[in-house]
Colleague: 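The structure follows.
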Amino acid sequence: MNSSAGPAAEDPQQDDHQGIHRAVIEWYARAARDLPWRAPERTPWQVLVSEIMLQQTPVVRVLPVWRRWMQQWPEPRDLAEASPADVVRAWDRLGYPRRALRLHAAAQSIRDEHGGRVPSRHSELLALPGIGAYTAAAVAVFAFGQRHAVVDTNIRRVEARLFTGRALPSRSLTAAETRLAEELLPRGVPESVAWNQAVMELGALVCTARSPRCSDCPVREDCAWLVAGSPPAEDVPRGQAWHGTDRQVRGALMAVLRAAEEPVPRRLLLADASSAEQLATEHGAPPQVVVDGLTALWRLPAPAEQRERALAGLLADGLAAESDGGLSLPV
DNA sequence: CATACGTGGTT
DNA sequence: TAACCAAGTAT
């Protein structure tokens, strides 16, 4: 309320935000989803795995994969001992399969350099493969209860609207946003953890990108964007190209490799619609290796050069490996 | 700072 | 239907 000089004068903003802190945290207690990685008995490893899986991936798609994953590899050591092929298969179609490889490498680092326990320091987490600023903070906060500013896409959007009055945050994370998130963090450790979790959930459930449910928002009275009349976003979001891209070809190649139980001959993997037909004609019979997704791969309107390039990328990333009979997931 | 990197549901 | 979007990271 007041910002007179005193012990707390170093962050005069804090008093002004207490009402917002209280309202959002109270809303969370009432409206939060019941997710397994939030259960009281959750382990740091469970939290870490969930955070990696949730990178750019919706909760509903992560849930079933996470459950299987934690049953199969309940501790970092368990995953560390698995083969990359098994890890990539278990990742299923979560997308960005390089995350699976990095999580595997992180598990090995945890085993080799941290005694098999997920490290709790932000700096140590940050040093693990596949873990950046967001995930390091998220694990430190949600698994270890520390006080750090978590800055994900949800929190960026909520804070952009609530305090900056903009419909959407900028394309990339700015220093100003990080500073704002840090300034908004409640003083007390438990409160800061609750705040991070609550704002993220608010962004996921109410303050959504497309059609925000402002009538359900606990801080709609304080929202700079709403007060300004909900002006539209300024810059047009660049679309994520897909059709005809290398990424699409990589995805189709990965689908085949995941389904294959044996190495897939290179010519089979790199065939296009016409050459596949030619192969069948010449051999007078369907290919010996029947693999799910091969037909879809052949049907892609991608030139041979692009298929070669996509496969080379997979090999370079360690998502595919060459063997006697052809290509397979890395053993 | 921009770009590559999967996948599938929603609008 | 095409475009948008989802708890980012690495280069």
Side-chain angles (χ1 to χ4, degrees), chain A residues 32-33 35-38 46-66 88 91-103 105-106 125-143 148-158 167-175 177-178 181 196-205 207-212 233 235-258 293 296-297 300 306 309-310 312-314 316-319:
Chain A
R33 290 167 292 181
L35 301 172
W37 46 83
R38 290 179 181 165
Q46 290 177 328
V47 173
L48 191 161
V49 171
S50 78
E51 290 299 343
I52 300 287
M53 289 184 172
L54 287 164
Q55 290 169 1
Q56 298 286 284
T57 309
V59 167
V60 287
R61 206 177 314 163
V62 166
L63 236 21
V65 180
W66 182 88
V88 171
W91 194 258
D92 199 33
R93 287 164 319 194
L94 278 184
Y96 294 142
R98 49 173 50 174
R99 288 183 294 167
L101 251 28
R102 290 178 180 148
L103 178 54
L125 288 162
L126 195 56
L128 295 173
I131 294 189
Y134 161 75
T135 304
V139 173
V141 171
F142 303 138
H148 290 281
V150 175
V151 187
D152 81 321
T153 188
N154 289 307
I155 290 180
R156 292 182 63 207
R157 187 173 54 249
V158 171
L168 294 173
S170 57
R171 198 99 91 230
S172 53
L173 178 64
T174 65
E177 286 179 271
T178 301
N196 281 135
Q197 186 68 89
V199 177
M200 197 180 316
E201 189 76 340
L202 186 66
L205 299 182
C207 195
T208 55
R210 216 82 75 87
S211 304
D235 43 58
V236 187
R238 87 192 193 295
Q240 308 177 64
W242 176 248
H243 292 288
T245 63
D246 287 9
R247 263 210 292 197
Q248 184 185 29
V249 180
R250 280 174 64 113
L253 285 166
M254 285 303 298
V256 171
L257 295 181
R258 276 196 307 266
L297 173 62
L300 289 181
Q306 186 178 31
R309 185 169 63 238
L314 253 25
D317 289 347
L319 284 164

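Letters go in sequence order (proteins before strands), and every chain restarts at 1. Values below: all heavy atoms of this structure, side chains included; hydrogens, waters and symmetry mates excluded.
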Colleague: Set out, in order, the CA-CA distance, both residues' side-chain angles and the distance that settles side-chain contact (heavy atoms from CB on, under 4.5 Å) for A:Leu48 and A:Leu103, then state yes or no.
Modeller: CA-CA 9 Å; A:Leu48 191 161; A:Leu103 178 54; 3.7 Å; yes
Colleague: Which pair of non-hydrogen atoms, one from A:Gly203 and one from A:Arg157, has the smallest distance, and what is that distance?
Modeller: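 Looks like O-NH2, 2.8 Å.
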Colleague: Quick check: closest heavy atoms across A:Tyr134 and A:Val151, and the distance to 0.1 Å?
Modeller: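 That closest heavy-atom pairing would be CD1-O, 3.9 Å.
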Colleague: Have a look at A:Trp91 and say if it touches a base, only the backbone sugar-phosphate, or nothing, with a 4.0 Å heavy-atom cut-off.
Modeller: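 Here A:Trp91 touches no strand at all.
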Colleague: Mapping A:Glu51 and A:Pro129 to their closest nucleotides on DNA chain C, which lands nearer the 5' end?
Modeller: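 Going by which nucleotide is closer to the 5' end, it is A:Glu51.
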Colleague: Can you check the distance between C:dC4 and B:dT3, where both ends of the measurement are the P atom (answer in whole Å)?
Modeller: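 These two P atoms come out 15 Å apart once rounded.
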Colleague: For the residue pair A:Ser170 and A:Thr174, what are the closest heavy atoms and their distance?
Modeller: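 Where A:Ser170 meets A:Thr174 most closely, the heavy atoms are OG-CG2, 3.5 Å.
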Colleague: Whole-Å distance between C:dC5 P and A:Asp152 CG?
Modeller: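 Atom CG in A:Asp152 sits about 16 Å away from atom P in C:dC5.
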Colleague: Rounded to whole angstroms, how far apart are CG on A:Leu101 and P on C:dT9?
Modeller: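 Interatomic distance, CG of A:Leu101 to P of C:dT9: 17 Å.
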Colleague: What's the CZ-C1' distance between A:Arg157 and C:dG8, to the nearest Å?
Modeller: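 Answer to the nearest Å: 14 Å.
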Colleague: Students often get this wrong, so: under 4.0 angstrom with heavy atoms, is A:Arg38 touching a base, only sugar-phosphate, or nothing?
Modeller: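 Base: the residue A:Arg38, judged by heavy atoms under 4.0 Å, touches a nucleobase.
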Colleague: Between A:Met53 (CE) and B:dT7 (P), how many Å, whole number?
Modeller: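 Going from CE in A:Met53 over to P in B:dT7 covers 15 Å.
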Colleague: Mind calculating the distance between CZ (A:Arg93) and C1' (C:dA6) to the nearest angstrom?
Modeller: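 Whole-Å distance recorded here is 17 Å.
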Colleague: Who pairs with A:Glu201 by side-chain hydrogen bond (donor to acceptor under 3.5 Å, both in side chains), at least two apart in sequence or on another chain?
Modeller: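 Partners of A:Glu201 by the side-chain hydrogen bond (donor to acceptor under 3.5 Å, both in side chains) criterion, ordered by chain and then number, come out as A:Arg33, A:Arg38.
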Colleague: Taking salt bridge (charged side-chain N to carboxylate O under 4.0 Å, His left out) as the test, write out the residues that go with A:Arg250, two or more places apart.
Modeller: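 Per chain and number, A:Arg250 pairs via salt bridge (charged side-chain N to carboxylate O under 4.0 Å, His left out) with A:Asp317.
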Colleague: Looking only at heavy atoms, what is the nearest atom pair of A:Ile155 and A:Val150, with distance?
Modeller: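 Where A:Ile155 meets A:Val150 most closely, the heavy atoms are CD1-O, 3.1 Å.
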Colleague: In whole angstrom, give the distance that lies between atom CG of A:Leu202 and atom P of C:dA6.
Modeller: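 One finds 14 Å between P of C:dA6 and CG of A:Leu202, rounded.
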Colleague: Categorize A:Ala209 for me: base, sugar-phosphate, or nothing, with a 4.0 angstrom heavy-atom threshold over every strand shown.
Modeller: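 The residue A:Ala209 makes sugar-phosphate contact but no base contact.
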Colleague: Across nucleotides 1-6 of chain B, 5' to 3', mark each nucleotide with B, S or - according to how protein heavy atoms within less than 4.0 Å reach it.
Modeller: ----BB
Colleague: To the nearest angstrom, how far is A:Leu54 atom CG from C:dA6 atom P?
Modeller: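 Value for this atom pair: 13 Å.
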Colleague: Pick the P atom in C:dA7 and in B:dA2, then give their distance to the nearest Å.
Modeller: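 C:dA7 and B:dA2 have their P atoms separated by 22 Å.
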Colleague: Across the strands shown, which category fits A:Thr208 at heavy-atom distances under 4.0 angstrom: base, sugar-phosphate, nothing?
Modeller: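 No contact at all - A:Thr208 keeps every heavy atom at 4.0 Å or more from the nucleic acid.
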Colleague: Quick check: any donor-acceptor pair below 3.5 Å linking the side-chain of A:Arg210 to the base of C:dC5?
Modeller: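 No.
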Colleague: Round to a whole Å and report the spacing from CG of A:Leu168 to C1' of C:dC5.
Modeller: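 Whole-Å distance recorded here is 11 Å.
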